[in-house]
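These numbers were taken from a predicted model, which means no experiment stands behind them. Lettering follows sequence order; numbering is per chain, from 1.
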2 protein chains.
Amino acid sequence: MKLTVRGEYALRALTHLGLRYSPKVIQISVISSAENIPKRFLEQILNDLRTGGFVESRRGVAGGYRLAKPPEKIVIAGVIRHIEGALAPIGCVSENYYEKCNCPDEARCALRSIMKEVRDSIAHLLEKTTLANLVTRAEKLKAADLADADFVI
Amino acid sequence: MKLTVRGEYALRALTHLGLRYSPKVIQISVISSAENIPKRFLEQILNDLRTGGFVESRRGVAGGYRLAKPPEKIVIAGVIRHIEGALAPIGCVSENYYEKCNCPDEARCALRSIMKEVRDSIAHLLEKTTLANLVTRAEKLKAADLADADFVI
DNA sequence: GAATCCTTGATTGAATGGATCGAGATTCTA
DNA sequence: TAGAATCTCGATCCATTCAATCAAGGATTC
């Protein structure tokens with residue numbers, strides 16, 4: 001699994017929306033400047049997240065984006081699969097994006113067997129992590145940071 | 001972590017050499033046809049593995065490649081790092097190939113914290129796996145396959 | 001010294017990734 | 001109902017990476 005900038009932006013944008021989860025929508029430009037993401041590019045990514053059913057949008061003057069379901073229901077593995085594709089490090093061990101490799105005999109391939117373990121460990125971690133979890137982490141990290149600041153003063 | 005075809009070939013070639021570990025060298029063309037790897041490309045890859053200290057070569061008529069050290073001493077994580085680069089799914093959590101990301105505050109980044117866990121789990125698996133381990137897997141898979149064949153007869 | 005094989009670097013062609021643009025659709029508001 | 005704000009969608013661009021091939025050259029052995 002490799003997270004490209006695109007996937008990173010997607011997850012950061014979702015976290016932004018998760019931290020402010022409400023029926024109100026948030027504009028692209030707000031997310032763009034808060035998260036330091038090129039606006040045009042983010043536009044593309046949010047639209048893609050909409051297609052995937054992770055966010056929903058509202059057009060027009062008071063338009064913007066919001067989560068399509070509560071943060072607890074948004075699984076990180078699902079987001080990454082939608083944006084980036086396979087979690088597996090190599091196609092021949094992917095469950096959702098299987099691709100045949102050109103080794104002489106896949107069933108007897110030692111490389112495949114170790115890569116399968118890698119895939120499983122990645123998938124296990126990301127399947128059990130939801131956006132709610134990311135949001136909690138973000139809040140805790142912020143709180144810890146504020147505590148540090150107090151301490152310094 | 002993403003394993004490209006290049007890395008796959010490298011590990012398959014090493015496994016080939018590991019299964020036949022001896023002072024004798026094996027020709028590129030032999031590995032190439034046994035493992036179904038384009039010869040010219042394999043040439044490039046083996047040369048790269050030589051630079052990394054994983055194999056050594058012998059020129060001339062009876063030339064070829066062999067492992068530069070016993071299979072137990074060749075760690076898969078090291079091979080992948082040399083051929084592909086970082087194990088981490090994103091640069092900002094890589095230990096050996098760190099790259100700054102453009103998020104507003106790296107220390108408070110929730111994404112970073114979950115990706116760090118992914119990195120650690122990948123690294124842990126691949127650090128403890130040696131070529132000797134891969135070779136053993138290959139032998140077992142072959143044996144199991146033969147047993148199946150017997151059973152069918 | 002000829003055959004064989006490794007060495008090195010250049011090159012190519014395709015795919016991917018990051019990013020931008022422009023025109024269109026939709027919604028609100030004055 | 002005109003127009004401004006905002007999302008929508010497809011096209012395009014540029015740089016980089018990947019996979020693969022090629023060519024010339026050097027080393028080694030028989």
Side-chain angles (χ1 to χ4, degrees), chain A residues 1-13 17 24-33 35-68 80 83-86 89-91 97 99 101-103, chain B residues 1-13 17 24-33 35-52 54-66 68 80 83-86 89-91 97 99 101-103:
Chain A
M1 182 219 153
K2 173 81 187 303
L3 203 64
T4 65
V5 174
R6 185 185 198 87
E8 187 200 320
Y9 288 167
L11 289 169
R12 293 231 312 272
L17 292 175
K24 280 195 214 162
V25 297
I26 300 179
Q27 293 168 23
I28 289 183
S29 56
V30 172
I31 307 177
S32 159
S33 58
E35 296 290 336
N36 194 23
I37 301 174
K39 191 182 163 191
R40 289 294 214 171
F41 197 20
L42 180 58
E43 204 171 297
Q44 208 178 94
I45 293 166
L46 282 171
N47 197 23
D48 194 3
L49 285 172
R50 189 178 52 84
T51 307
F54 302 105
V55 300
E56 51 195 24
S57 66
R58 189 183 158 84
R59 294 184 174 197
V61 172
Y65 282 92
R66 68 175 166 227
L67 297 183
I80 296 182
I83 299 284
E84 305 272 9
I90 185 171
Y97 295 84
E99 269 180 57
C101 72
N102 71 342
C103 72
Chain B
M1 182 223 153
K2 173 79 187 304
L3 203 65
T4 65
V5 175
R6 187 186 198 85
E8 186 201 320
Y9 288 167
L11 289 169
R12 292 232 312 272
L17 292 176
K24 281 194 214 163
V25 296
I26 300 178
Q27 291 170 24
I28 288 185
S29 56
V30 171
I31 306 178
S32 161
S33 57
E35 297 289 337
N36 194 21
I37 300 173
K39 192 182 163 191
R40 293 290 211 170
F41 196 20
L42 181 59
E43 208 169 294
Q44 207 178 95
I45 293 165
L46 282 172
N47 196 26
D48 195 1
L49 286 172
R50 193 176 52 85
T51 307
F54 302 106
V55 300
E56 51 194 23
S57 65
R58 189 186 160 84
R59 297 183 171 197
V61 173
Y65 281 93
R66 70 176 165 224
I80 296 182
I83 299 285
E84 306 273 8
I90 185 171
Y97 295 84
E99 269 180 57
C101 72
N102 71 341
C103 73

* To do: Evaluate the criterion side chain to side chain contact (heavy atoms under 4.5 Å, CB included) for residue pair A:Ile83 and A:Leu3; output intermediate values, then yes/no.
  => CA-CA 9 Å; A:Ile83 299 284; A:Leu3 203 64; over 6 Å; no
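- Residue order along DNA chain C, read from the 5' end via each residue's closest nucleotide, puts B:Tyr65 first among B:Asn102 and B:Tyr65.
- Counting all heavy atoms, side chain and backbone alike, B:Ile37 lies closest to B:Ser32 at O-OG, 2.8 Å.
- Between the side chain of A:Glu84 and the main chain of A:Thr4, a donor-acceptor pair closer than 3.5 Å is present.
- Straight-line distance from the CG atom of B:Leu42 to the P atom of D:dA20: 11 Å, rounded to whole Å.
- At C:dG18, none of the side-chain N or O atoms of A:Tyr9 fall inside 4.0 Å of OP1 or OP2 (strictly under the cut-off).
- Atom C1' of nucleotide D:dC18 and atom CD1 of A:Ile90 are separated by 14 Å, given to the nearest angstrom.
- Looking at which nucleotide of DNA chain D each of A:Arg50 and A:Ala62 is closest to, the 5′-most match is held by A:Ala62.
- Here D:dC7 presents its P atom at 16 Å from CG of A:Asp48, a figure rounded to the nearest Å.
- If you measure from atom CD of A:Gln44 to atom C1' of C:dA19, you get 8 Å, rounded to the nearest angstrom.
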Show the distances under 3.5 angstrom between N or O atoms of the protein and N or O atoms of nucleotides 24-27 of chain C.
| from | atom 1 | to | atom 2 | distance (Å) |
| --- | --- | --- | --- | --- |
| C:dT26 | O4' | A:Arg59 | NH1 | 2.9 |

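- At whole-Å resolution of the value, NZ in B:Lys39 and P in D:dC22 are 12 Å apart.
- Counting only heavy atoms from C-beta on, A:Thr4 has its side chain closest to C:dG17 among C:dC5, C:dT7, C:dG17.
- Taken to the nearest 0.5 Å, the CD1 atom of B:Ile80 stands 13.0 Å off from the NZ atom of B:Lys2.
- Within 4.0 Å (heavy atoms only), B:Ile28 reaches sugar-phosphate atoms of the nucleic acid but no base atom.
- Using a 4.0 Å cut-off, some side-chain N or O of B:Gln27 falls inside it from OP1 or OP2 of C:dC5.
- The residue B:Glu43 sits close to a base: some heavy atom pair falls under 4.0 Å.
- Listed pair A:Ser57 / D:dT8 meets the phosphate criterion, a side-chain N or O lying under 4.0 Å from OP1 or OP2.
- Between B:Phe41 and B:Arg6 there is a side-chain heavy-atom pair separated by less than 4.5 Å.
- Going from atom CZ of A:Phe41 over to atom C1' of D:dC14 covers 14 Å, rounded to whole Å.
- In this model, the phosphate group of D:dC9 is approached by a side-chain N or O of A:Asn47 to a distance below 4.0 Å at OP1 or OP2.
- In this structure, SG in B:Cys103 is found 5.0 Å from CZ in A:Arg12, a value given to the nearest 0.5 Å.
- Of the candidates B:Val55, B:Leu42, B:Val30, B:Val25, B:Tyr65 forms a side-chain contact (heavy atoms from CB on, under 4.5 Å) with just one, namely B:Val55.
- Atom CD1 in A:Ile83 sits about 14 Å away from atom C1' in C:dG17, given to the nearest Å.
- In this structure, the side chains of A:Leu17 and A:Ile31 come closer than 4.5 Å at one or more pairs of heavy atoms.
- In this structure, A:Arg40 does not reach the D:dC9 phosphate: none of its side-chain N or O atoms is under 4.0 Å from OP1 or OP2.
- Atom-to-atom, CZ of A:Arg66 to P of D:dC7 comes out at 13 Å; the value is rounded to the nearest Å.
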